[in-house]
Student: 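Take this structure first; my questions come after.
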Protein chains: 2
Amino acid sequence: MNSTTRNKMIAGAADLMSRRGVNATSMRDVVRYTATPRGSIGHHFPDGKPQLIAEAVMFAGKQVSIPLEKALNELGAIAGLKAFVASWRRRLVTTTFEAGCPVLAVAVDHYVGEPSDKAEALDAAAQDHLLDLANGVFADWQKIMLAALRREGLPAPRAKRLATLVVASIEGTVALCRAARSALPLDQVDQELELILSDALSQTTK
Amino acid sequence: MNSTTRNKMIAGAADLMSRRGVNATSMRDVVRYTATPRGSIGHHFPDGKPQLIAEAVMFAGKQVSIPLEKALNELGAIAGLKAFVASWRRRLVTTTFEAGCPVLAVAVDHYVGEPSDKAEALDAAAQDHLLDLANGVFADWQKIMLAALRREGLPAPRAKRLATLVVASIEGTVALCRAARSALPLDQVDQELELILSDALSQTTK
DNA sequence: AGTGAAGTATGACAAGTGTCATATAAATCC
DNA sequence: GGATTTATATGACACTTGTCATACTTCACT
């Protein structure tokens, strides 16, 4: 199984989806963008576009969760989060605020299926599956953040809420930065999150 | 000028965009959804789909900013924000987490223009204009939140950062809720935001 | 009554969409 | 080395998209 073509397609799809959204990314765009053979797309993704989107979401999930976990492990919750935000910042700046998060794209820009006859019935199921995947990725990120906070002594209920806040606010802030073509929102949120987390952690050791 | 047709189209476009995204919302969808005459769309929106999207963004902007400002004025920053979040929660629940924010949709799901010959040049400008509008709406919401916080004595730099955090985290959380088909993330973030704001405000009166 | 504008209806256009059937090329295995 | 799976190529399909030209209706105003 030649997987480099397949992997290039998945990575390219994730990238394009993060920039323009799900429906603005056609399969022909993906093969153009990645210089992969168009004839292979049906071969590597027999279930068609929904499958490609699904794999792109899972790919993007790992692409974030692995460095996130590493940063939190090596630097602790606060410094690790700052490093993670910094990597988002770099991505925004180097793409002139064109690239975003493909998982958010799936949550917001729902895939509208084939024009064919089967219609509504399958589309709803396919869309639900994609939402499940996106939700799984978000949950994964939250779990990683949660573990880091708990490791520093924060009680579970508070840590869970803060993990949700961190993931949600970063997702939202990245979107704000793209709209503003500026990293200012991310810098502001970064500062506030640091304050909030260090406040919360300082209360536990008292 | 018969504006009820026009207004129905704008409101319907905003609603559909908030549920499925920009590119998944076709003009034919809008006239189907709003039971408005298809022949009129070119009449009311001579600049075509970009114009309809633009008006939908501004419409959605006011639809949020007006009740937000009212709630903050009447109830103060903390209780007002809680009331505002509660209204978001209602919208999510009553639409079984299908509806979201059309402004976020514009920021994430970029409009891909007509298939015609003019191509790239105009598209980039049109997309930039839409991003400007979305950014203006986000900035408006932040300004309203900022004013409420300053009214309670918070110094400007901190208030600005917190206003950004509030807008970004609510946008992100609504997306999380849609992916999870659950209001839990919003409830968690609501609780944390309350804690954060009351902490920040209590430090000013000391 | 009549005139002109505002609104509505309908169909055609060029182009793009995902998918599929078929055909060729490459690589793997006995 | 031949056979069989894997991969790539190409073109056709049924359909949707935004836009436009053209017609018909409605309505206000003089």
Side-chain angles (χ1 to χ4, degrees), chain A residues 1-10 12-13 16-17 20-56 109-123 125-127 130, chain B residues 1-10 12-13 16-17 20-56 109-123 125-127 130:
Chain A
M1 166 152 71
N2 174 8
S3 62
T4 106
T5 293
R6 204 180 123 95
N7 290 340
K8 277 209 293 186
M9 287 176 172
I10 294 173
L16 284 179
M17 282 162 48
R20 339 208 264 218
V22 173
N23 286 293
T25 300
S26 75
M27 318 216 67
R28 284 160 163 97
D29 282 341
V30 172
V31 308
R32 256 191 297 271
Y33 189 62
T34 58
T36 46
R38 169 173 159 243
S40 303
I41 197 143
H43 186 71
H44 292 297
F45 307 95
D47 290 345
K49 193 174 181 183
Q51 184 183 3
L52 177 57
I53 300 171
E55 306 239 26
D109 181 17
H110 289 195
Y111 172 57
V112 21
E114 41 195 327
S116 186
D117 35 7
K118 357 189 172 175
E120 311 278 324
L122 253 188
D123 277 6
Q127 179 56 39
L130 288 179
Chain B
M1 166 152 74
N2 174 9
S3 64
T4 105
T5 293
R6 206 181 121 94
N7 290 340
K8 277 209 293 186
M9 286 176 172
I10 294 173
L16 284 179
M17 282 162 49
R20 339 208 264 218
V22 173
N23 286 293
T25 301
S26 75
M27 319 216 67
R28 285 161 163 97
D29 283 340
V30 172
V31 308
R32 256 191 297 270
Y33 188 61
T34 58
T36 46
R38 168 171 163 244
S40 301
I41 197 142
H43 186 73
H44 292 297
F45 306 94
D47 290 346
K49 193 175 181 183
Q51 184 182 3
L52 177 57
I53 300 172
E55 307 239 26
D109 181 19
H110 290 193
Y111 172 58
V112 22
E114 43 195 325
S116 188
D117 37 5
K118 0 191 171 174
E120 312 278 323
L122 253 187
D123 278 5
Q127 179 55 38
L130 289 178

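Residue numbers begin at 1 in each chain, while the letters A, B, ... track the order of the sequences.
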Student: Can you say whether a donor on the side chain of A:Arg28 sits under 3.5 Å from an acceptor on the base of C:dG16, or the other way round?
Tutor: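 Between C:dG16 and A:Arg28, which were checked side chain against base, a qualifying N/O pair under 3.5 Å is absent.
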
Student: What is the separation between atom CZ on A:Arg32 and atom P on C:dG18, rounded to the nearest whole Å?
Tutor: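 In whole Å, C:dG18 P lies 10 Å from A:Arg32 CZ.
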
Student: Would you call A:Met27 and A:Leu52 a side-chain contact if the rule is heavy atoms closer than 4.5 Å?
Tutor: yes

Student: Using atom CE of B:Met27 as one end and atom C1' of C:dT8 as the other, report the distance to the nearest whole Å.
Tutor: 16 Å

Student: Starting from P on D:dT17, measure out to CD1 on B:Ile41 and report it in whole angstrom.
Tutor: 12 Å

Student: So what does A:Gly42 hit on the nucleic acid, given a heavy-atom distance under 4.0 Å: a base, only sugar-phosphate, or nothing?
Tutor: nothing

Student: Check the distance between D:dG18's P and B:Met9's CE and give it to me in whole angstrom.
Tutor: 13 Å

Student: So which of B:Ile53, B:Asp109, B:Leu16 actually passes side-chain contact (heavy atoms from CB on, under 4.5 Å) with B:Thr25?
Tutor: B:Leu16

Student: Is there a donor and acceptor pair closer than 3.5 Å between the side chain of B:Arg38 and the base of D:dT19?
Tutor: yes

Student: Side chains of A:Ser40 and A:Met9: does their closest heavy-atom pair fall under 4.5 Å?
Tutor: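 A side-chain contact exists here, since the closest heavy-atom pair is under 4.5 Å.
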
Student: Report yes if a side-chain nitrogen or oxygen of B:Thr5 is closer than 4.0 Å to either non-bridging phosphate oxygen (OP1 or OP2) of C:dT8; otherwise report no.
Tutor: yes

Student: Is the shortest side-chain N/O distance from B:Ser40 to OP1 or OP2 of C:dT8 below 4.0 Å?
Tutor: yes

Student: Just the rounded figure in Å: distance from C1' of D:dT16 to NZ of A:Lys49.
Tutor: 13 Å

Student: Taking the nucleotide of DNA chain D with the nearest heavy atom to each, does B:Pro46 or A:Thr36 sit closer to the 5' end?
Tutor: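 On the 5' side of the pair lies A:Thr36.
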
Student: Is B:Val22 close to B:His110 at the side-chain level, that is, under 4.5 Å between some pair of heavy atoms?
Tutor: no

Student: Specify the separation, in whole Å, of atom CG of A:Asp47 and atom P of C:dT19.
Tutor: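 The distance from CG of A:Asp47 to P of C:dT19 comes to 9 Å, rounded to the nearest Å.
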
Student: Below 4.0 angstrom from OP1 or OP2 of D:dA9, is there any side-chain N or O of A:His43?
Tutor: no

Student: Does B:His44 put a side-chain nitrogen or oxygen below 4.0 Å from OP1 or OP2 of C:dT8?
Tutor: yes

Student: Rounded to the Å, how far apart are B:Asp29 CG and D:dT16 P?
Tutor: 11 Å

Student: Heavy atoms only: give me the nearest B:Asp29-B:Arg20 pair and the separation to one decimal.
Tutor: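 Heavy-atom minimum between the residues: OD2-NH2, 3.1 Å.
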
Student: Nearest-Å distance, CZ (A:Phe45) to C1' (D:dT8)?
Tutor: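 Distance, rounded to whole Å: 14 Å.
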
